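Down below is the structure, laid out as structure tokens.
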Amino acid sequence: MKHKYDVVIVGGGPAGGYLSYNLAKDGFNVCLIDSNPIDRVGFKACGGISSDYILNYLKKINLNQEAIIDDSFEEVNIIDTKLNTLASIKINLVHLDREAMGKELSNALRNENISILSNLRAIKLLIRNSSVHGVKLSDGSSIETSLVVDASGFNGLLRQQASQYVPYWHITKSDLVIAIMEILKGAQPFRTFTLTIDKSLIPGGYGWITPSQNKSAIGLGLKLDVKNVSLRYRLLLLKRIVLAKGEKKRSLIGLIYARRPFPTLVYNGYALVGEAGSQGNPLFGGGILGAFIGSDIAFKSLRKSLESNDEHPVSIDSLWRYNFEFMHQRGKFLATLDALRMFAQSLSEDEMKEFISHLPSKLTFDLKDIVKIGVKAIKMISKSRIFWRIFDMYRANLEIQKLYSKYPKRPQDFEEWVKKDLEIFESLRNKLLK
Ligand SMILES: Cc1cc2nc3c(=O)[nH]c(=O)nc-3n(C[C@H](O)[C@H](O)[C@H](O)COP(=O)(O)OP(=O)(O)OC[C@H]3O[C@@H](n4cnc5c(N)ncnc54)[C@H](O)[C@@H]3O)c2cc1C
């Protein structure tokens, strides 16, 4: 049976908003559901720092960049908690105002032919005969459709229900980072975006300061599986150490996936996009750009699946092209970063400082950079403990590149592939972290 909506998208952040816009432009009947009020669709706790590559996506959907971009930086400074500079890296970054971005995105969506249901939550997947047929909403109503796209970010509520059919969608505490940030009035004693590391204050993570004339931001994110999280206390200490000043305007807390993407992003009638599919950067936790990139790949693939589809819901076989395209174009890179994250977490404080001091002085966030980081790190091989870990990471990365280039074209070959993926990462974890 053909439904009123070709696709129901849950979540109007960068991933869901961008996908809704593109599918509606292509003539599909789109229903977008977001739990925020209409003028805050897509707003969430977020530091708003991104590579300037994101501007390409803002342009594609004609968002007013002046309203969204608070600042731009050409350099990131990495310091320790004694305020010594460990590295200064040239990189083009922008600071986005997430609230303004939510407003701009929501305006752009309202100009398209999209049915937007704001202030409503999707609370349940409608699952029958091993397929997702739609969603149930918080007001008690239900919507049936051919395809539900879950772009609900970290939330995971819907994905958890589907994980009885797809066991690879479970999350463990070690895959999570918890982050806190404050927006402060006025400038800070830093001239550029600054990161700080300290294994006892911020285990498995880092702190950040985004200076700006009118409102600055300071925050930190650490592994959720540490013994004593005490986020607010840690942030207070960090503020004292870096001499951050200014009245607190807002405090935000949230969780972030710090792992590679889920090995499959689809099920019958259901697809994951953006942070819901863990498409953010496992090393830095940044996910806005990743959400746009994932959404772009999803758009090009899902459009084909919807066009060629006369099954309702769209079958997993038809949706599989999205998996295939994503893993080839992006999954490979993110899996490499996941291995690098494990390596970074295995370093002691001193090793980490030394490693950072060897980072290349210019970064663009592509695969070439990872190779450069590896080559620079080889300068540390005089320390044999590090040498063997670099060697293990390098070997795992070769296997990852090979495996992700052979991501299966059909769901029937997936089990064998995923077994190898799990083996590579389990073996690396055992070598580096145990
Ligand atoms: C404290 C913190 C700081 C961060 N800092 C940065 C940073 O500096 N740079 C960066 O790149 N990334 C950062 N991130 C991560 C970034 O915010 C996310 O990766 C990014 O927003 C993911 O985009 P998305 O579209 O996939 O999901 P989201 O932006 O999370 O959008 C999901 C949308 O779905 C809605 N929603 C959720 N559940 C439901 C439901 N059941 N029904 C209906 N609607 C629902 C939400 O209201 C939201 O609007 C940070 C995260 C946190 C927590």
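Computed over heavy atoms, backbone and side chain alike; hydrogens, waters and symmetry mates excluded. In this text the structure is predicted, and so the values were computed from the model without any measurement. Ligands are counted one by one from 1 in listed order, and the atoms in each one are counted from 1 as well.
For N155, a nitrogen or oxygen atom sits less than 3.5 Å from a nitrogen or oxygen atom of ligand 1, counting backbone and side chain alike. The shortest N/O to N/O separation between G48 and ligand 1 falls below 3.5 Å. Ligand 1 has a nitrogen or oxygen under 3.5 angstrom from a nitrogen or oxygen of I288. Looking at M181 next to ligand 1, no N or O pair under 3.5 Å apart turns up. Checked against a 3.5 angstrom limit, the closest N/O atoms of A276 and ligand 1 fall outside it. At a 3.5 angstrom cut-off on N or O pairs, A122 counts as close to ligand 1. Taking any N or O of E275, backbone or side chain, at least one lies under 3.5 Å from an N or O belonging to ligand 1. For ligand 1, the polar-atom distance check finds an N/O of I49 within less than 3.5 Å of one of the ligand's N/O atoms. At a 3.5 angstrom cut-off on N or O pairs, P14 counts as close to ligand 1. Note: an N/O pair closer than 3.5 Å links A15 and ligand 1 by distance alone.
Comment: D97 engages K215 in a salt bridge, judged by a side-chain N to carboxylate O separation of less than 4.0 angstrom. Residues D225 and K173 are not paired through a salt bridge, judged by the lack of any N-O separation under 4.0 Å between the basic side chain and the carboxylate. Between E75 and R191 there is a salt bridge, since at least one side-chain N of the basic residue sits less than 4.0 Å from a carboxylate O of the acidic one. Of the charged side-chain nitrogens involved, none lies within less than 4.0 Å of a carboxylate oxygen, so that K90 and E74 do not count as a salt-bridged pair. Of the charged side-chain nitrogens involved, at least one lies within less than 4.0 Å of a carboxylate oxygen, so that K239 and E182 count as a salt-bridged pair.
Distances below 4.0 Å separate heavy atoms of N36 from the following atoms of ligand 1: 47 (O), 49 (O). Short contacts between ligand 1 and L120, defined as distances under 4.0 Å to a heavy atom of the residue, involve ligand atoms 43 (C). Interface of I33 with ligand 1, defined as ligand atoms under 4.0 Å from a residue heavy atom, comprises 43 (C), 44 (N). Distances below 4.0 Å separate heavy atoms of G286 from the following atoms of ligand 1: 10 (C), 11 (O), 12 (N). If you number the atoms of ligand 1 from 1 as listed, the ones under 4.0 Å from a heavy atom of A151 come out as 32 (C), 34 (O). Which parts of ligand 1 touch I256 is read off a 4.0 Å heavy-atom cut-off, strictly below it: atoms 50 (C), 51 (C), 52 (C), 53 (C). The atoms of ligand 1 that sit less than 4.0 Å from any heavy atom of A179 are 1 (C).
Dense packing is recorded around CZ of R110, with more than 12 heavy atoms of other residues, nucleotides or ligands lying under 6.0 Å away. Within 6.0 Å of NZ on K248 lie no more than 12 heavy atoms contributed by other residues, nucleotides or ligands.
Under the 3.5 Å distance criterion, the side-chain polar atoms of T85 are left unmatched by any main-chain donor or acceptor of A87.
When hydrogens are left out, the protein atom nearest atom 47 (O) of ligand 1 is S35 OG, 3.1 Å; that is the closest non-hydrogen contact. Of all protein heavy atoms, the one lying nearest to atom 14 (N) of ligand 1 is C46 SG, 3.8 Å.
Within the 6.0 Å centre-distance limit, the rings of W169 and Y270 are counted as a close aromatic pair.
Not a single heavy atom of S50 sits closer than 4.0 Å to an atom of ligand 1.
The nearest non-hydrogen atom to atom 21 (O) of ligand 1, considering only R40, H95, R98, comes from R98.
By the 6.0 Å and 45° rule, R260 stacks over the aromatic ring of F425.
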